[in-house]
Undergrad: 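I have a structure here, written as structure tokens, and I will follow up with some questions on it.
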Amino acid sequence: MSESVRVRFAPSPTGHLHIGGARTAIYNWAYARHFGGTFVLRIEDTDPERSTEENTQAIIRAMEWLGLDYDEGPGVGGSYGPYFQTQRAESYAEALERLKVEGAAYPCFCTPQELDAKRESARALGGFAGYDRTCRSIDAESAAARIAAGEPHVWRLKVPEDRGDIVFPDAVRGDVTFAADVVDDLVLVRTDGTATYNFAVTVDDATMAITHVVRGDDHLSNTPKQILIYEALGEKLPVFAHLSMILGADGKRLSKRHGATSVEAYRDMGYLPEAVMNYLALLGWSLDGETTVFSRETLAENFSLDRVSRNPAIFDDEKLEWLNGVYIREMSAEQLVDRIVPVLVDASLISADEAVTRRAWLLKLAPMISERLKRLDEVVPMVAFLFSDGIEIDEASRQKVLEKEGSGVALDACRAALATIPTFDAETIEAALREVPERVGVKPKVAFQAVRVATTGSTVSPPLFESLELLGREQTLVRIDAARPLATS
RNA sequence: GGCCCGUUCGUCUAGCGGUUAGGACACCGCCCUCUCAAGGCGGAGAUCACGGGUUCGAAUCCCGUACGGGCUACCA
């Protein structure tokens, strides 16, 4: 029981779930699933200025979309709740009480102004700018008297004088050492009685029995402080694992400046959750150095912290796109249609009702576009020509193809063939068109491209014969007729 | 400023004392082909940040330097 792995993802709802946070969540999820452990979601909403309920919901939505199911947390409950930091004030108060009783915490009456001044002068001397422990020497009675008199104060951790260097084995970075004198008597509880971040996190992780703290690199420097708190509380230390940051293409920390950074933005751009998950997993972890495409199950099976990379990784949109294409190609026609319909409806190319009645038609379309799509939203420009009544012929395509010698006769011959074939399916269409070029003395490419431009408006389109079938005979002939005057000879 | 972490093709990475430094994306060429893709084959691309050690031998171990990042709050 006490052996079982308990990990947590603890986002602060000050924004949407971003790429970096998502990767942290994925690693935690994978770690828990690998060991059959428990994955906890805890919302660190203690910043009232920036935390919103809306962001909390967005984060939960994004996690659901990625398929990161958690065993304890908002909505699912669990025996270590509540899972919102703002609802855990009691446990912080209890923890402080324990520290007071043990003499591991003391009140500090220094004002912020005094502290700023001290910090400034300490830094000017070029050294460590931690708290100078002034209030530590105030005796218990006078401290109690000052508190009773209502003097504003915070509670600080009394770091043991004899505490040596703080060394801990980080599961991804190896042993990390902090000299004893760089950790000061940090504030645990503020003047207003609320817990500081380091105190809250530590108390939460301890009381929630978290065994492995897997989080971003930005918390590495907080770790010695938290270790001291664990020790003061007499709690067992978890295993720490710090993940490197994800950087933008310019090598700077990923931010809004780099464009889309939230998971939901990627969803809206037509990325599949399994692709995003796969890509993010690969950004800082490798299965064996060879395997790049793998399912979430494979990830869970193989995930281990010792294969997590120590270097920061630059986010590469192109590789994500490629991977997304891989997943799109792997889908069945049924699956692709299911994913594509909302996009088509959204773009008003088709109504939700039509999507149902024309299901068979859509199923024929799916294989034509699946190997051409990297993102779901690319389907709109790709198939728009199938939905409108008329089309506009792209000028460059017109020049390149319809001005070519022989395009006119080819169009005439193709039109005639298409008008007379008994059935208008891809196979029959192909058979009929295949014999046209030789008969009228033009190259196949010239003839087919002429038909393509006439019917789709562009030199680039899904496969021609299949496209014509889906377009239907009537519309095909109308379009060829409309384009005919634009063709040469 | 102080402390901590990091540095292998453009990018993500494999490598954990002896390899022609491997794979993937991107790029280039050829093949396939009704266009575009997809696919197949091949190519180019890394003085393993730099400088010292240790060793018969170092991308791998140690020490510096440079560069990048993080923390340094009564933010999280």
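Lettering follows sequence order; numbering is per chain, from 1. Computed from a predicted model, the values in this text were never measured in an experiment.
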Undergrad: Just compare B:A76, B:U35, B:G6 and give me whichever is closest to any side-chain atom of A:V460.
TA: B:U35
Undergrad: Is it true that a side-chain atom of A:N278 and a backbone atom of A:T292 form a donor plus acceptor pair closer than 3.5 Å?
TA: yes
Undergrad: Over all strands shown, is A:S286 touching base, sugar-phosphate only, or nothing at heavy-atom distances under 4.0 angstrom?
TA: sugar-phosphate
Undergrad: Measuring only the C1' atom in each nucleotide, how far is B:C25 from B:C34? A whole number of Å is fine.
TA: 29 Å
Undergrad: Can you identify which nucleotide, out of B:C34, B:G6, B:U13, has its nearest atom closest to the A:Q449 side chain?
TA: B:C34
Undergrad: Cation over ring, A:R156 on A:Y131, under 6.0 Å and within 45°?
TA: yes
Undergrad: Tell me which nucleotide among B:C4, B:C74, B:C34 gets nearest to the side chain of A:R119.
TA: B:C74
Undergrad: How close do A:I421 and A:I429 get, heavy atom to heavy atom, and via which atoms?
TA: CD1-CG1, 3.9 Å
Undergrad: When the distance from CD1 of A:I227 to C1' of B:C3 is rounded to whole Å, what number comes out?
TA: 15 Å
Undergrad: I'd like to know if the side chain of A:T488 and the backbone of A:L402 have a donor-acceptor N/O pair within less than 3.5 Å.
TA: yes
Undergrad: Using both distances under 3.5 Å as the test, list the Watson-Crick or G-U wobble partner of B:C71, or none.
TA: B:G2
Undergrad: Between A:S244 and A:L464, which is nearer to the 5' end of RNA chain B once each is assigned its nearest nucleotide?
TA: A:S244
Undergrad: For B:U47, which nucleotide in any strand shown is its Watson-Crick or wobble partner with both distances under 3.5 Å?
TA: none
Undergrad: Does a distance-only test, which skips hydrogens and angles, find a donor-acceptor pair under 3.5 Å between the side chain of A:T191 and the base of B:C74?
TA: yes
Undergrad: Take atom C1' in B:G42 and the same atom in B:U65, then report the distance between them in whole Å.
TA: 42 Å
Undergrad: Under 3.5 Å, is there a donor-acceptor pair between the side chain of A:T223 and the main chain of A:H219?
TA: yes
Undergrad: Would you indicate which nucleotide in B:C34, B:C5, B:C74 comes nearest to any side-chain atom of A:F465?
TA: B:C34
Undergrad: Please confirm whether the backbone N or O of A:R310 pairs with a side-chain atom of A:S244, one donor and one acceptor, at under 3.5 Å?
TA: yes
Undergrad: Go ahead and name the base partner of B:U7; Watson-Crick or wobble counts if both distances stay under 3.5 Å, otherwise write none.
TA: B:A66
Undergrad: Which listed nucleotide (B:A24, B:A38, B:C34) is nearest to the side chain of A:R329?
TA: B:A38
Undergrad: Give every pair of a protein N or O atom and an N or O atom of nucleotides 7-11 of chain B that lie under 3.5 Å apart, one pair per line with the distance.
TA:
| from | atom 1 | to | atom 2 | distance (Å) |
| --- | --- | --- | --- | --- |
| B:U7 | OP1 | A:N311 | OD1 | 3.0 |
| B:U8 | OP2 | A:N311 | ND2 | 3.4 |

Undergrad: Using salt bridge (Lys or Arg N to Asp or Glu O under 4.0 Å) as the criterion, point out the one residue from A:R133, A:K158, A:R163 that pairs with A:D185.
TA: A:R133
Undergrad: Closest to the A:K225 side chain: B:C5, B:U35, B:U72?
TA: B:U72
Undergrad: Keeping the roles fixed (side chain from A:D45, backbone from A:T86), state whether a donor-acceptor pair exists under 3.5 Å.
TA: yes
Undergrad: Yes or no on side chain to side chain donor-acceptor pair (under 3.5 Å) for A:D204 and A:Y92, after CA distance, side-chain angles and deciding distance?
TA: CA-CA 8 Å; A:D204 286 346; A:Y92 309 141; 2.9 Å; yes
Undergrad: What interatomic distance, in whole Å, is found between P of B:G53 and the corresponding atom of B:A59?
TA: 15 Å
Undergrad: What integer number of Å spans the P atoms of B:G29 and B:G22?
TA: 24 Å
Undergrad: Using the C1' atom as the reference point in each nucleotide, state the distance between B:G70 and B:G10 in Å, no decimals.
TA: 25 Å
Undergrad: Just name whichever nucleotide pairs with B:A38, Watson-Crick or G-U, keeping both distances under 3.5 Å, else none.
TA: none
Undergrad: Look at the side chain of A:N198 and the backbone N and O of A:K225, then say whether any donor-acceptor pair between them is shorter than 3.5 Å.
TA: no
Undergrad: When we call it a touch if two heavy atoms are under 4.0 Å apart, what does A:V176 touch: a base, just sugar-phosphate, or nothing?
TA: sugar-phosphate
Undergrad: Closest to the A:E290 side chain: B:C4, B:G22, B:A38?
TA: B:G22
Undergrad: By nearest atom, which of the nucleotides B:A76, B:U35, B:C74 is closest to the A:K445 side chain?
TA: B:U35
Undergrad: In whole Å, measure the gap between the P atoms of B:C32 and B:C12 for me.
TA: 37 Å
Undergrad: Reckon A:P463 touches a base, only the sugar-phosphate, or nothing at all at heavy-atom distances under 4.0 Å?
TA: base
Undergrad: May I ask you to verify whether the side chain of A:S221 and the base of B:G70 hold a donor-acceptor pair under 3.5 Å?
TA: yes
Undergrad: Would you find a donor on one side and an acceptor on the other, under 3.5 Å apart, between the side chain of A:E114 and the backbone of A:T111?
TA: yes
Undergrad: For B:U8 versus B:C48, give the span between their P atoms, rounded off to a whole number of Å.
TA: 12 Å
Undergrad: Take atom P in B:A49 and the same atom in B:U13, then report the distance between them in whole Å.
TA: 15 Å
Undergrad: Between the protein and nucleotides 47-50 of chain B, list the N/O to N/O atom pairs that are separated by less than 3.5 angstrom.
TA:
none

Undergrad: Taking the six-membered ring for Trp, are the ring centroids of A:H153 and A:Y106 within less than 6.0 Å of each other?
TA: no
Undergrad: Rounded to whole Å, how long is the line connecting atom CG of A:D288 with atom C1' of B:A24?
TA: 11 Å
Undergrad: Determine whether the aromatic ring centres of residues A:Y27 and A:W285 are separated by less than 6.0 angstrom.
TA: no
Undergrad: For RNA chain B, what residues of residues 362-376 of chain A have any heavy atom nearer than 4.0 Å?
TA: A:E371, A:R372
Undergrad: To the side chain of A:R156, which of B:C71, B:U35, B:C74 is closest?
TA: B:C74
Undergrad: Are A:Y327 and A:F294 near enough that their ring centres are under 6.0 Å apart?
TA: no
Undergrad: Whole Å only: how far is the CD atom of A:E321 from the P atom of B:A37?
TA: 14 Å
Undergrad: Which nucleotide in the set B:C71, B:C25, B:C12 lies at the smallest distance from any side-chain heavy atom of A:W322?
TA: B:C25
Undergrad: Would you classify A:T194 as touching base, sugar-phosphate or nothing, given that sugar-phosphate means primed atoms plus P, OP1 and OP2, and contacts are heavy atoms under 4.0 Å?
TA: nothing
